[in-house]
Amino acid sequence: MTVAEPPLPTHSPVPPLAARARAVGGSPVRDILAVTARPEVINFAGGLPAPELFDAKGIAAAYEAVLAEAPARALQYSTTEGEPALRDALAARTTARGLPTGPDDLLVTTGSQQALSLLATALLEPGDTVLVENPCYLAALQAFGFAGARIVAVPGDEHGVDPRALEELVARERPKLLYTVPTFQNPTGRTLPAGRRAAVAAVAARRGLWIVEDDPYGELRYDGERLPWIAAHPGAEDRTVLLGSFSKVMAPGLRLGWLRAPGELRRACAVAKQAADLHTPTVNQLATARYLADNDLDAHVARVAGVYRERRDAMLSGLAGALPAGSVWNRPEGGMFLWARLPEPYDTTALLPQVVRQNVAYVPGAPFYAGTPDRTTLRLCFVTQTPTEIEEGLRRLGEGISPTRSARSAD
């Protein structure tokens, strides 16, 4: 007697996912961008630089020169640490901004987001505590979550973290590191004042705290004077990792970032990078180094900042007419984002679908919180649209938030 074989499955089952993959969700910002990709949507949700301001001709010329003069090198594997020409240029720019830096202090990364991932791999064991701002850059929460970290928010106010609260948390929680975006923070646009930077550096020195200082927006200043990095303050020099990026000052498609860190940690990050992607694309590195040699990046950034300043001012001038009475918002001195808080009982997550029906979008504030979220908050990006588009987008935002306005517009 023969026994019939069970039928073969038509599809193989997916292997069980790792616990970290099950525990960490996707990015709500990316999810919103997928929903609002239609051209008729005025999108205040994404952190997208204005594409019409990219120096496409200058970047194209840099690629053409590199591919014409050194094609074998540009198209070949490179060292994990990064191309020497690019690290030389980055070291010179960092030194000129007040933080003495040599090429060997730097590791080139595939966007500064990779730098966060490498640091999480090199530093964090499951269960380690990481301190963050409240609210915090969303992709940092993802990176630390994937590493299995326990994420604790540091109390603060509209200016950023409270150094006294930070010191109390460090004493109690014994964290592995503090992650901060002190200049034009994502999502709030706020800037940590000079006195608090010095105080945070002092806490790091007294308590042995490591700081990851992320600075993707610092060059996009519209008002006020530039503040020194926390990394440049006494007591923080040997225990701060500084992250930077070309995404906001040149183009995000280059996927070029870097980290500046003490030798042992930098080498650990380089080993982690070898396992991740071997090295950042050679041609992108060499073309960027060539661009920096042939062009005045500071002048380009100044032109971009001038346009972004007008767009920030356009959004600020229209918010009072778009948001409900009792709403409050900040006036960022630079960067890309503005943070608003609606009065109770508004819930910006619940409001979003009816706002999107008006062909405009924002990011609800709730996902940016490591602890209990403030559901009345929202983030608006003001750099991608023109002042005219911003005016129309705010009109639509008002229609979407206010049921009375929406009813009138439907009649």
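Not one N or O on the side chain of Arg260 forms a donor-acceptor pair closer than 3.5 Å with the backbone of Leu242. At least one donor-acceptor pair under 3.5 Å links the side chain of Thr386 to the backbone N or O of Glu389. In terms of modelled atom types and a separation under 3.5 Å, the side chain of Thr384 and the main chain of Leu48 share a donor-acceptor contact. For the pair Ser402 (side chain) and Gly398 (backbone), a donor-acceptor distance under 3.5 Å is absent. Judged by distance alone, the side chain of Gln385 and the main-chain N or O of Asn43 form a donor-acceptor pair under 3.5 Å. Side chain of Thr95 to main chain of Ala92: no donor-acceptor pair is present (N/O by atom type, distance under 3.5 Å, no hydrogens or angles). Checking side-chain atoms of Arg375 against main-chain N and O of Thr348 turns up no donor-acceptor pair under 3.5 Å. Distance alone, capped at 3.5 Å, is enough to place a donor-acceptor pair between the Asn330 side chain and the Thr188 backbone. A side-chain donor-acceptor contact under 3.5 Å links Arg266 to the backbone of Asp104. Of the possible polar contacts, none joining the Arg226 side chain to the Gly218 backbone as a donor-acceptor pair under 3.5 Å is found.
The side-chain heavy atoms of Phe54 and Pro252, taken from C-beta on, include a pair separated by under 4.5 Å. Within the 4.5 Å cutoff, side-chain heavy atoms of Arg255 are placed close to those of Ser247. Contact check for Pro175 versus Leu209: side-chain heavy atoms found under the 4.5 Å cut-off. Using a 4.5 Å cut-off on side-chain heavy atoms (C-beta onward), Leu169 and Pro155 make contact. Taking 4.5 Å as the limit, every side-chain heavy atom of Val307 sits out of range of all side-chain heavy atoms of Val383. Using a 4.5 Å cut-off on side-chain heavy atoms (C-beta onward), Asp162 and Asp157 make no contact. Taking the side chain as every heavy atom from C-beta outward, Leu323 and Leu397 approach each other to under 4.5 Å. Here the side chains of Leu394 and Phe44 are in contact, with some heavy-atom distance below 4.5 Å.
Considering all non-hydrogen atoms of both residues, Lys248 and Pro49 come closest at CD-CG, 4.1 Å. When every heavy atom of Pro332 is checked against every heavy atom of Phe382, the shortest pair comes out as CG-CE2, 4.0 Å. The two atoms that bring Tyr308 and Ala50 nearest to each other are OH-N, 3.1 Å, heavy atoms only. Closest approach of Met315 to Leu380, counting heavy atoms only: SD-CB, 3.7 Å. Looking at every heavy atom in both residues, Ala149 comes nearest to Val130 through CB-CG2, 3.8 Å. The two atoms that bring Arg87 and Val108 nearest to each other are CG-CG2, 3.8 Å, heavy atoms only.
More than 12 heavy atoms of other shown residues, nucleotides or ligands fall within 6.0 angstrom of atom CD in Glu392. With a 6.0 Å radius and a threshold of 12 heavy atoms from other residues, nucleotides or ligands, Glu125 has its CD atom at or below the threshold. Counting heavy-atom neighbours within 6.0 Å of Glu40 CD, excluding the residue itself, gives a total above 12. In the displayed structure, Arg206 atom CZ is contacted under 6.0 Å by more than 12 heavy atoms of other residues, nucleotides or ligands.
The CZ atom of Arg312 sits 14.5 Å away from the CE atom of Met336 when rounded to the nearest 0.5 Å. If you take CD on Gln113 and CG on Asp214, they are separated by 8.5 Å, rounding to the nearest 0.5 Å. A distance of 9.0 Å separates CD in Glu237 from CG in Leu99, rounded to the nearest 0.5 Å. Here the CG atom belonging to Leu123 is positioned 6.5 Å from the SG atom belonging to Cys269, to the nearest 0.5 angstrom. Taking CG from Leu378 and CG from Asp347, the interatomic distance works out to 11.0 Å, rounded to the nearest 0.5 Å. The distance from atom OH of Tyr179 to atom CD of Glu213, rounded to the nearest 0.5 Å, is 10.5 Å.
Arg93 has a carboxylate O that lies under 4.0 Å from a charged side-chain N of Asp298, or vice versa, which qualifies the two as a salt bridge. A salt bridge does not link Glu167 to Arg164: none of the charged side-chain nitrogens sits closer than 4.0 Å to a carboxylate oxygen. A salt bridge is absent between Arg309 and Asp313; no separation between the charged side-chain nitrogens and carboxylate oxygens falls under 4.0 Å.
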Under the criterion side-chain hydrogen bond (donor to acceptor under 3.5 Å, both in side chains), I'd like the reasoning laid out for Thr110 against Thr280: C-alpha separation, chi angles, the key distance, then a yes or no. CA-CA 5 Å; Thr110 307; Thr280 297; 3.0 Å; yes

With side chain to side chain contact (heavy atoms under 4.5 Å, CB included) as the test, would you mind laying out the steps for Thr191 and Tyr217 before giving the verdict? CA-CA 11 Å; Thr191 294; Tyr217 312 103; over 6 Å; no

What's the verdict on side chain to side chain contact (heavy atoms under 4.5 Å, CB included) for Phe184 and Glu333, showing C-alpha distance, side-chain angles and the deciding distance? CA-CA 7 Å; Phe184 316 138; Glu333 292 184 335; 3.9 Å; yes

Could you go through Met250 and Leu256, starting from their C-alpha distance and side-chain angles, then the distance that decides it, and tell me whether this counts as side chain to side chain contact (heavy atoms under 4.5 Å, CB included)? CA-CA 10 Å; Met250 282 183 65; Leu256 278 176; over 6 Å; no

How far apart are the C-alpha atoms of Arg97 and Glu219, what are their side-chain angles, what is the distance that settles it, and do they pass the salt bridge (Lys or Arg N to Asp or Glu O under 4.0 Å) test? CA-CA 10 Å; Arg97 295 178 66 194; Glu219 295 191 60; 3.8 Å; yes

Trace of the side-chain hydrogen bond (donor to acceptor under 3.5 Å, both in side chains) decision for Tyr291 with Asp55: CA-CA 10 Å; Tyr291 182 91; Asp55 183 7; 2.6 Å; yes

Run the salt bridge (Lys or Arg N to Asp or Glu O under 4.0 Å) test on Glu133 and Arg196 for me, step by step, so that the C-alpha distance in whole Å, both residues' side-chain angles and the decisive distance to 0.1 Å come before the verdict. CA-CA 13 Å; Glu133 300 164 309; Arg196 291 199 191 185; over 6 Å; no

After noting the C-alpha distance and the side-chain angles of Trp339 and Arg190, does the key distance pass the side chain to side chain contact (heavy atoms under 4.5 Å, CB included) rule? CA-CA 9 Å; Trp339 189 247; Arg190 68 194 179 195; over 6 Å; no

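Looking at Thr282, Thr288, Asp88 one by one, the single match for side-chain contact (heavy atoms from CB on, under 4.5 Å) with Glu83 turns out to be Thr282. Among the candidates Arg150, Arg174, Lys176, the single residue satisfying the salt bridge (charged side-chain N to carboxylate O under 4.0 Å, His left out) test with Asp128 is Lys176.
Between the side chains of Arg197 and Thr183, at least one donor-acceptor pair of N or O atoms lies under 3.5 Å. Checking Thr377 against Arg341 by side-chain atom types alone, no donor-acceptor pair falls below 3.5 Å.
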